[in-house]
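Single-structure report; data block below.
Each residue takes its place number in the sequence, starting with 1. No hydrogens, no waters, no symmetry mates; every other heavy atom, side chains included, goes into these values.
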Amino acid sequence: MERVNGATSPRLLPWPSPGGKPCYLVTDNDGSYLSRLADDLEAVQLAMGADILGLARKVLDDPASPYTEVRYAGLRLAECLTDALRVAESRGMRLPPPDASRVANPAP
């Protein structure tokens with residue numbers, strides 16, 4: 001967990017609140033139960049996204065697929081994309097800030 005001004009920055013969790021708002025975790029222990037649970041759920045969400053993509057490709061590649069199957073595939077893909085974007089945002093927030101000297105003078 002990145003520290004900002006001596007305080008731990010919040011981690012965006014891979015699930016929303018019951019009201020659909022983002023949930024955050026503030027902890028000094030990246031190995032805490034809730035941190036590990038969030039890591040495990042992120043892994044499950046990304047694996048499910050890959051599985052759903054494979055199944056959806058079969059439906060979308062078949063021009064004779066019924067409308068309801070195509071719609072169902074699209075809805076599941078949208079859910080998986082939402083999860084993947086939340087995971088990417090969470091992981092991006094936890095990256096260390098770029099080294100100013102490397103940004104000013106990138107390696108060839």
Side-chain angles (χ1 to χ4, degrees):
M1 185 99 8
E2 184 69 24
R3 290 182 126 348
V4 179
N5 296 330
T8 304
S9 63
R11 173 188 178 167
L12 177 63
L13 293 172
W15 55 80
S17 72
K21 296 187 179 196
C23 288
Y24 294 92
L25 170 66
V26 177
T27 181
D28 290 331
N29 182 0
D30 288 337
S32 71
Y33 175 78
L34 200 51
S35 292
R36 291 190 325 270
L37 180 65
D39 291 341
D40 291 346
L41 184 56
E42 285 180 353
V44 167
Q45 288 174 325
L46 295 176
M48 280 180 37
D51 289 345
I52 299 286
L53 179 59
L55 296 170
R57 282 188 192 278
K58 293 176 186 173
V59 171
L60 298 174
D61 286 343
D62 182 358
S65 290
Y67 165 80
T68 54
E69 288 184 24
V70 172
R71 178 171 162 68
Y72 184 80
L75 291 171
R76 299 299 72 82
L77 288 170
E79 290 170 357
C80 293
L81 180 57
T82 299
D83 290 343
L85 290 172
R86 186 180 299 116
V87 170
E89 181 181 1
S90 175
R91 291 181 180 181
M93 290 169 58
R94 290 181 277 150
L95 289 174
D99 182 5
S101 64
R102 292 188 74 195
V103 172
N105 302 313

Worksheet item: Can you tell if the side chain of V87 reaches within under 4.5 Å of the side chain of L46, non-hydrogen atoms only?
Response: yes
Worksheet item: Is the shortest heavy-atom distance from the side chain of P16 to the side chain of R86 under 4.5 Å?
Response: yes
Worksheet entry | Over 12 non-hydrogen atoms of neighbours within 6.0 angstrom of CZ in R91 | yes
Item to complete: Starting at SG of C80, measure out to CG of L85 and round the result to the nearest 0.5 Å.
Response: 11.0 Å
Can you name the closest pair of heavy atoms from [X] and [Y] and give their distance?
X   : Y   : value
N29 : T27 : N-OG1, 3.1 Å
P10 : M93 : O-CE, 3.9 Å
C23 : S17 : SG-N, 3.4 Å

If we ignore hydrogens and angles and just use 3.5 Å, is the side chain of [X] paired with the main-chain N or O of [Y] as donor and acceptor?
X   : Y   : value
Q45 : P14 : yes
S65 : V59 : yes
S35 : G31 : no

Please tell me whether [X] and [Y] are part of a single hydrophobic cluster in this structure, the criterion being side-chain heavy atoms less than 4.5 Å apart.
X   : Y   : value
V70 : I52 : yes
Y33 : L41 : yes
L37 : L13 : yes

Discussion item. Using a strict threshold of under 4.0 Å (side-chain N to carboxylate O), is an ion pair present between D39 and R36?
Written reply: no
Practice prompt. Walk me through it: do S90 and R94 pass the test side chain to side chain donor-acceptor pair (under 3.5 Å)?
Written response: CA-CA 7 Å; S90 175; R94 290 181 277 150; 3.2 Å; yes
Fill in: Partners passing salt bridge (charged side-chain N to carboxylate O under 4.0 Å, His left out) against E79 (at least two apart in sequence or in another chain)
R76
